[in-house]
> 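A single structure is presented below for examination.
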Amino acid sequence: MASVDVAVIEHGEIEKNGGNICCHGKGPGYATPLEAMAGPREALLYVTCVYTGTGREKPDYLGTVDVDPNSPTYSKVIHRLSVPNLGDELHHSGWNSCSSCHGDSSADRRFLVLPSLISGRVYIVNTKKNPKTPSLHKVVEPEEILAKTGLAYPHTSHCLASGDILISCLGGSDGKAEGNGFLLLDSEFNVKGRWEKPGHSPSFGYDFWYQPRHKTMISSSWGAPLAFSKGFNPQHVSEGLYGRHLYVYSWPDGELKQTMDLGNTGLIPLEIRFLHDPSKDTGYVGCALSSNMVRFFKNPDGSWSHEVAASVKPIKVQNWVLPEMPGLITDFLISLDDRFIYFSNWLHGDIRQYNIEDPKNPVLTGQVWIGGLIRKGSSVSAVAEDGSTYQVDVPDVQGKKLRGGPQMIQLSLDGKRLYVTNSLFSAWDNQFYPELKEHGSHMLQIDVDSEKGGLAINHNFFVDFGLEPDGPSLAHEMRYPGGDCTSDIWI
C-alpha cells in the first residue's frame with residue numbers, strides 16, 4: 001500500500017494519496033497482523049518524557065515527535081503536553097481501543113491511556129482531535145483507584161474487545177508487592193473495580209498479554225515498589241523482593257490457573273508478548289537480570305510450560321559494582337509477521353535481532369551497539385577469556401555521543417524501522433547512567449533488514465531530549481497514533 005501523509009487513519013475515514021484510496025475496516029486497527037504490516041508509514045510518534053527523579057521541579061509530559069522524513073520538522077519534538085501534577089513518572093501507555101475492537105464499528109482509537117507509575121494517576125489523552133497536538137481529556141486520581149480497588153503503581157494498559165481498559169498495578173499504597181492486581185476501567189474511564197477474581201492476585205506484577213482463542217492471559221513480575229523505586233540493590237533479589245514467575249489466568253474471567261516458576265534462568269521477567277497470530281499458543285518473556293529470552297507454550301493437556309530460547313551471557317568486567325555484568329534485557333518486541341524478535345541489552349549497550357521462524361531455536365541475525373557501560377571511553381572494561389580487556393566502539397550520531405544504553409524500542413508496522421529510547425526508570429537511570437539526568441535522553445532510529453536480517457543506525461535521525469525547553473528529560477515508551485506491535489492484540 002502506498003504511504004499516506006496523515007498521522008492516523010481511523011474507521012470511517014478515507015484518505016486519497018497518489019490515486020490510491022485506503023479504507024481501514026470497520027473499527028480501529030486492522031483485521032489481521034499481516035494487514036497491519038501493509039498499513040501507512042508512521043508520521044508521528046508519541047513518547048512519555050519524565051522530569052520526575054531528575055531534580056527538576058517540572059511535570060512529566062507526552063512528547064510528539066515528527067518521524068516523517070519528508071517533513072521540515074523531521075526528527076524534532078513538535079509538541080509537548082505537560083500533565084498538571086509533579087512526581088508522576090509517566091511510564092508505559094496504551095489505547096482505549098485497538099485491533100481487538102476492529103470488528104466493532106462503534107469503537108474508536110481516540111484516547112491514549114497514560115498510567116503514572118509513582119503517583120498512581122492515570123491520564124487520558126485525546127489524540128484523535130488533533131494528532132499533532134494531543135490534549136488532556138481526563139484524570140483518574142489515585143485516591144479513587146485506591147479507595148475502590150486498593151491498587152497503586154499502575155504500569156501496563158491494554159484495551160479489551162469489550163471496550164474496557166485493563167491496567168496492571170504493581171502494589172498497594174504501602175509499596176509491597178502483595179497488593180498488586182489489575183485495575184479495570186470502563187469505556188468512559190470510570191473505575192469499575194479489579195479484573196482478577198478475589199484471592200487470585202499473585203505476589204508480583206508487571207506486564208501482561210492475552211490470547212483469547214486460548215482463553216488465557218499471562219502476566220510477568222518485576223518486584224516490590226518499595227524495592228525498585230529506590231534503585232536496584234542486588235541483595236533485594238536474594239531477599240525475595242523481585243519476581244521470577246509467570247502467572248497464567250483464564251481469560252476473560254480472571255481466575256489464576258497456574259504459576260510458572262522460572263527459577264534462576266528467569267530472574268525479573270519483564271515485558272511479555274504472545275505471537276501476534278491469535279491462533280498461536282506460544283510467546284516470550286524477557287528476563288532482565290538473567291538476560292534470557294524465555295519461551296512459554298501450551299501443553300496438550302492445557303497447562304503451560306517454559307524453556308530458555310535465547311541467552312545473553314554476562315560479561316566479566318573491571319571497575320564495576322559486580323565482577324560480571326548482565327546484559328539486562330529490559331524491552332523486546334515481535335514483528336507483526338512473527339518472524340523476528342528484537343530486544344535491548346540496557347547495560348551491555350546493544351540491540352539484537354533474532355529470527356524466530358523456529359520459535360524453539362531463535363537465530364541471531366542482527367546486532368548494533370548504541371551505548372552501554374563498556375563503550376570506549378568508559379571507566380568500565382570488559383575482560384576477555386584470555387584475560388585481556390576491551391571496550392566496544394559506539395559511533396557518534398550527528399556529532400553527538402550516545403548516552404546511556406538502549407532501552408524502550410518500537411518497530412514500524414512494515415518492520416523496517418526500529419525506534420529506540422534510553423531511559424528505563426528515573427531511579428535506575430540515576431544509578432547506572434547518571435549522565436542521563438544531566439544531559440537527557442535521546443531517540444534513535446535503526447534501519448532493519450526485514451528479509452535476511454541486519455541492523456544499522458540511521459544517521460539522519462536523532463532526537464535530543466537534552467535540548468528540551470524546560471531542561472533535559474528522560475524519554476521512555478513510544479506509540480504511533482495508529483497503533484503498533486506492542487499495543488495491538490488480535491482476537
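Nothing fancy with the numbering, it's 1 onward along the sequence.
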> For Ser99, give me all partners under side-chain contact (heavy atoms from CB on, under 4.5 Å), at least two apart in sequence or on another chain.
Tyr30, Arg109, Asp488, Trp490
> Taking C-beta and beyond as the side chain, do Val237 and Leu289 meet within less than 4.5 Å on heavy atoms?
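Yes. Closest side-chain heavy atoms under 4.5 Å.
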> Using only atom types and a distance under 3.5 Å, with no angle test, would you say the side chain of Ser220 pairs donor to acceptor with the backbone of Ile272?
no
> Does either side chain, that of Gln407 or that of Ser344, offer a donor lying less than 3.5 Å from an acceptor on the other one?
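On atom types as modelled, these side chains do not qualify, holding no pair under 3.5 Å.
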> Would you say that more than 12 heavy atoms from the other residues, nucleotides or ligands in this model lie under 6.0 Å from the NZ of Lys298, or not?
yes
> Run the side-chain donor-acceptor check on residues 170-181: report pairs under 3.5 Å with partners two or more places apart or on a different chain.
from   : atom 1 : to     : atom 2 : distance (Å)
Asp174 : OD1    : Lys176 : N      : 3.0
Asn180 : ND2    : Ala177 : O      : 2.9
Asn180 : ND2    : Pro202 : O      : 2.8

> Go through the structure and list residues passing side-chain contact (heavy atoms from CB on, under 4.5 Å) with Glu307, not counting sequence neighbours.
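Scan of Glu307 (side-chain contact (heavy atoms from CB on, under 4.5 Å), adjacent residues dropped) gives Arg295, Phe297, Lys360.
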> Taking atom CG of Asp253 as the centre, does the number of heavy atoms from other residues, nucleotides or ligands within less than 6.0 Å exceed 12?
yes
> Can we say Lys197 and Glu255 salt-bridge, meaning some charged N sits less than 4.0 Å from an Asp/Glu carboxylate O?
no
> Could you pull out all residues at least two apart from Asp281 that satisfy salt bridge (charged side-chain N to carboxylate O under 4.0 Å, His left out)?
none
> Given side chains that start at C-beta, do those of Leu246 and Val285 come closer than 4.5 Å, heavy atoms only?
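Side-chain contact under 4.5 Å: yes.
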> Within the structure provided, determine whether Val248 and Thr259 are in side-chain contact (heavy-atom separation under 4.5 Å).
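They are not in contact (no side-chain heavy atoms under 4.5 Å apart), so the answer is no.
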> Regarding Asp484 and Arg479, does a basic nitrogen lie under 4.0 Å from an acidic carboxylate oxygen?
yes
> Scan for salt bridge (charged side-chain N to carboxylate O under 4.0 Å, His left out) pairs involving residues 237-250, sequence neighbours excluded, and state none if there are none.
Arg244-Asp261
> Could you check whether the rings of Tyr247 and His245 sit parallel, tilted or perpendicular, using 30° and 60° as the cut-offs?
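It falls in the parallel class, under 30°.
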> Rounded to the nearest 0.5 Å, what's the gap from OG on Ser250 to NE2 on His214? Could you check?
15.0 Å
> Report yes or no: does Ser291 contribute a side-chain atom to a donor-acceptor pair with the main-chain N or O of Leu328 at less than 3.5 Å?
yes
> Keeping the roles fixed (side chain from Ser412, backbone from Lys416), state whether a donor-acceptor pair exists under 3.5 Å.
yes
> Aromatic contact between Tyr433 and Trp346, with the criterion being ring centroids under 6.0 Å apart: yes or no?
yes
> Would a line drawn from the ring center of His348 to the ring center of Trp369 be shorter than 6.0 Å?
no
> Is a side-chain donor or acceptor of Ser290 paired with a backbone partner of Cys287 at a separation under 3.5 angstrom?
no
> Any chance you could measure Gln367, atom CD, to Asn345, atom CG, to the nearest 0.5 Å?
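One gets 8.0 Å once the value is rounded to the nearest 0.5 Å.
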> Is there side-chain contact between Asn96 and Cys159, with heavy atoms separated by less than 4.5 Å?
no
> Would you say the rings of Trp95 and Tyr480 are close, in the sense that their centroids are separated by under 6.0 Å?
no
> Test of understanding: with side-chain hydrogen bond (donor to acceptor under 3.5 Å, both in side chains), list the residues that count as partners of Gln211, not counting sequence neighbours.
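For Gln211, no residue satisfies side-chain hydrogen bond (donor to acceptor under 3.5 Å, both in side chains) once neighbours in sequence are set aside.
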> I'd like to check the salt bridge (charged side-chain N to carboxylate O under 4.0 Å, His left out) partners of Asp164; sequence neighbours left out, ordered by chain and number.
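Salt bridge (charged side-chain N to carboxylate O under 4.0 Å, His left out) list for Asp164, sorted by chain: Lys192.
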> Classify the angle between the aromatic ring planes of Tyr242 and Trp428 as parallel (below 30°), tilted (30 to 60°) or perpendicular (above 60°).
perpendicular
> Does Glu89 have any salt bridge (charged side-chain N to carboxylate O under 4.0 Å, His left out) partners at least two apart in sequence or in another chain, and if so, which?
none
> Between CE of Met478 and CG of Leu45, what distance do you get to the nearest 0.5 Å?
6.5 Å
> Return the orientation label for the Tyr206 and Trp222 ring planes: parallel under 30°, perpendicular over 60°, tilted otherwise.
perpendicular
> Just to verify, what does Asp186 make a side-chain hydrogen bond (donor to acceptor under 3.5 Å, both in side chains) with, not counting sequence neighbours?
Asn190
> Just checking, Arg273 and Phe332: is the charged tip under 6.0 Å from the six-membered ring centre and within 45° of the axis?
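The answer is yes; both the distance and angle limits are met.
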> Do Glu196 and Leu256 have side chains that get closer than 4.5 Å, going by heavy atoms?
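Side chain of Glu196 against side chain of Leu256, heavy atoms only: no contact under 4.5 Å found.
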> Ring centroid separation for Trp195 and Tyr249, is it under 6.0 angstrom?
yes
> Look at the side chain of Ser311 and the backbone N and O of Val308, then say whether any donor-acceptor pair between them is shorter than 3.5 Å.
no
> Backbone N or O of Trp304 within a donor-acceptor pair of the Gln258 side chain at under 3.5 Å?
yes
> Mind checking the CG-CD1 spacing from Asp331 to Ile351? Nearest 0.5 Å is all I need.
9.0 Å
> Looking at NE2 of His306 and OG1 of Thr282, how far apart are the two atoms once the value is rounded to the nearest 0.5 Å?
13.0 Å
> Does any pair with a residue in residues 229-238 pass salt bridge (charged side-chain N to carboxylate O under 4.0 Å, His left out), and if so which ones, sequence neighbours excluded?
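Counting only pairs at least two positions apart or across chains, no salt bridge (charged side-chain N to carboxylate O under 4.0 Å, His left out) contact touches residues 229-238.
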> Taking His91's backbone N and O only, do any of them form a donor-acceptor pair with Thr48's side chain (distance below 3.5 Å, no angle check)?
yes
> Are Phe343 and Tyr354 an aromatic pair, judged by ring center distance below 6.0 Å?
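So the answer is yes for these two rings.
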> Should Leu333 and Ile409 count as side-chain neighbours, where that means a heavy-atom distance under 4.5 Å?
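Yes, their side chains come closer than 4.5 Å.
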> Looking at His442 and Arg403, would you say the former's side chain and the latter's main chain have a donor-acceptor pair under 3.5 Å?
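Answer holds: yes.
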> Decide whether Asp60 and Thr52 meet the rule of one side-chain donor and one side-chain acceptor closer than 3.5 Å.
yes
> Taking side-chain contact (heavy atoms from CB on, under 4.5 Å) as the definition, give me every residue that meets it alongside Ser423, ordered by chain and number, with sequence neighbours left out.
Asp429, Ser441, Leu474
> So that I can tick it off, tell me whether Glu42 and Arg417 are bridged by a salt bridge, with the cut-off set at under 4.0 angstrom between side-chain N and carboxylate O.
yes
> Decide yes or no for Leu184 and Ile165: does some side-chain heavy atom of the first lie under 4.5 Å from some side-chain heavy atom of the second?
no
> Would a line drawn from the ring center of Phe208 to the ring center of His158 be shorter than 6.0 Å?
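For Phe208 and His158, the ring centres are under 6.0 Å apart.
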> Check whether any side-chain heavy atom of Val125 lies under 4.5 Å from a side-chain heavy atom of Leu114, and answer yes or no.
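In short, these two side chains touch, coming nearer than 4.5 Å.
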> What's the spacing between Ile341 CD1 and Ser335 OG if we round to 0.5 Å?
9.0 Å
> Tyr419 and Phe461: aromatic ring centres closer than 6.0 Å?
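Tyr419 vs Phe461: aromatic centres under 6.0 Å.
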> Which residues satisfy the side-chain contact (heavy atoms from CB on, under 4.5 Å) test with Asp277, sequence neighbours excluded?
Ser279, Lys280, Asp338
> When you measure from the side chain of Ser229 to the backbone of Pro225, do you find a donor-acceptor pair of N or O atoms at a distance under 3.5 Å?
yes
